[in-house]
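In what follows, chains are A, B, ... by sequence order, proteins preceding strands, each numbered from 1. Since we're looking at a predicted model, the values are computed, not measured.
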Number of protein chains: 2
Amino acid sequence: MELYTPDQTDRDILTLLQKDARLTYKELAAMLHLSKSPIQERVKRLERLGFISSVVALIDPNKFENCMISYLQVQLTNHSVNAFRLFQQEVSKLNEVLECYHTTGGFDFMLKVVARNMIAYNDFLINKFGRLDNIGTLNSSLVITQAKRETALPV
Amino acid sequence: MELYTPDQTDRDILTLLQKDARLTYKELAAMLHLSKSPIQERVKRLERLGFISSVVALIDPNKFENCMISYLQVQLTNHSVNAFRLFQQEVSKLNEVLECYHTTGGFDFMLKVVARNMIAYNDFLINKFGRLDNIGTLNSSLVITQAKRETALPV
DNA sequence: GGTTTTTGCAGAATTTAATTCTGTTGATGG
DNA sequence: CCATCAACAGAATTAAATTCTGCAAAAACC
């Protein structure tokens, strides 16, 4: 179904739009030495084919008090295929979980979790996450500061 | 300097724009039962004051082969203030590093790293990251699959 | 090899959204 | 009680997105 391979121009567009999605076609065209038409066609194609999954506003968490981030590493007790799938399903329903990765290493999953404060985080761990089946070892790494925030993938 | 506290309408706007930054003022206005003017004024203010830090296109990494993600936990050997600052400075210059968090827990930092493949990742670890001063213990968690990807903070 | 089709590009015309401007209301403060 | 400011609404203007037409080069076909 998916047989389109972005060329260099497409990848240049993606690189620019990852930094600033409010660049106009005119601006993109000027930067890439093309006219508006091919730029728009390429952007629309990249959207239609799912290379661009969405356009979002990034919020600065530091502007809001009551916002803490934690990376939570999780080891399951049962490692069957079904157990893995069920865990991912259930954890995806939790609003506090921003990201969920199945990883190699000492733990099975790495979760990015957001909470208002430590009390809310504790409540999440005990009363929401803790109620899931199949949870073994946990390891929380609370974010103190963030030195870099880069959404752009090198495409 | 920063004495503005977003009200509920502002936070509603942020919630919506975090999901889809291409909503027009007209659409936002309809959703929030206002006219275009106050919506635009609020959005512009949220941008000006830094609550909205940027608007970006999100790319689906799965559409590209040759893209692996790793979470790299780092323990420093020297924990002085200057050593911390220097590490964050230097690591922020590395293109492979998407995010860098100073965290609590067994390690000092958690880095999100992107590479084309295992060879490139190894090259990054040995020849780029490994050349930094003050590196103690390392622990790589390679991302196998991603179950959830949520950019929106609950504001 | 010549013809047709497709693809990428350019530019103009149209539609739509963003921006700017003007005015109103209601709350705040001297 | 009047002046000031903030939030809102709506109209006018400007700018961008979209759509349409056409051209030229590459690819596919006979």
Exercise. Between Y101(A) and F109(A), does the ring centre distance come in under 6.0 Å?
Worked result: no

Problem set entry | Contact state string [nucleotides 7-13 of chain D, B base, S sugar-phosphate only, - no protein heavy atom under 4.0 Å] | SBBB---

For this session: Taking K63(A) for its side chain and I52(B) for its backbone only, find out whether a donor-acceptor pair lies under 3.5 Å.
Result: no

Seminar exercise, completed: In whole angstroms, the gap separating C1' of dT19(D) from CD of Q40(A) amounts to 8 Å

Exercise. Starting at OH of Y25(A) and ending at P of dA18(C), how long is that distance when rounded to a whole Å?
Worked result: 13 Å

Exercise. Taking atom P of dT19(C) as reference, at what distance in whole Å does atom CG of L28(B) sit?
Worked result: 13 Å

For this session: Identify, with sequence neighbours excluded, every residue that meets salt bridge (Lys or Arg N to Asp or Glu O under 4.0 Å) alongside E47(A).
Result: K44(A), R22(B)

For this session: Go through the side-chain N and O atoms of D108(A) and H79(A) and say whether any donor and acceptor fall under 3.5 Å apart.
Result: yes

Exercise. Taking NZ from K26(A) and P from dT18(D), how many angstroms apart are they, rounded to a whole number?
Worked result: 16 Å

Exercise. Is a side-chain donor or acceptor of T104(A) paired with a backbone partner of L142(B) at a separation under 3.5 angstrom?
Worked result: yes

For this session: Could you tell me the separation between the CD atom of E47(B) and the P atom of dA18(C), rounded to a whole number of Å?
Result: 11 Å

Problem set entry | Polar side-chain atom of S53(B) near backbone of L58(A) as donor-acceptor pair, under 3.5 Å | yes

Exercise. Salt-bridged, E150(A) to K19(A), with N to O below 4.0 Å?
Worked result: yes

What's touching nucleotides 22-28 of chain D from the protein side, N or O pairs under 3.5 Å?
none

For this session: Kindly compute the distance separating CG (N134(A)) from CD (E90(A)), expressed to the nearest 0.5 Å.
Result: 11.5 Å

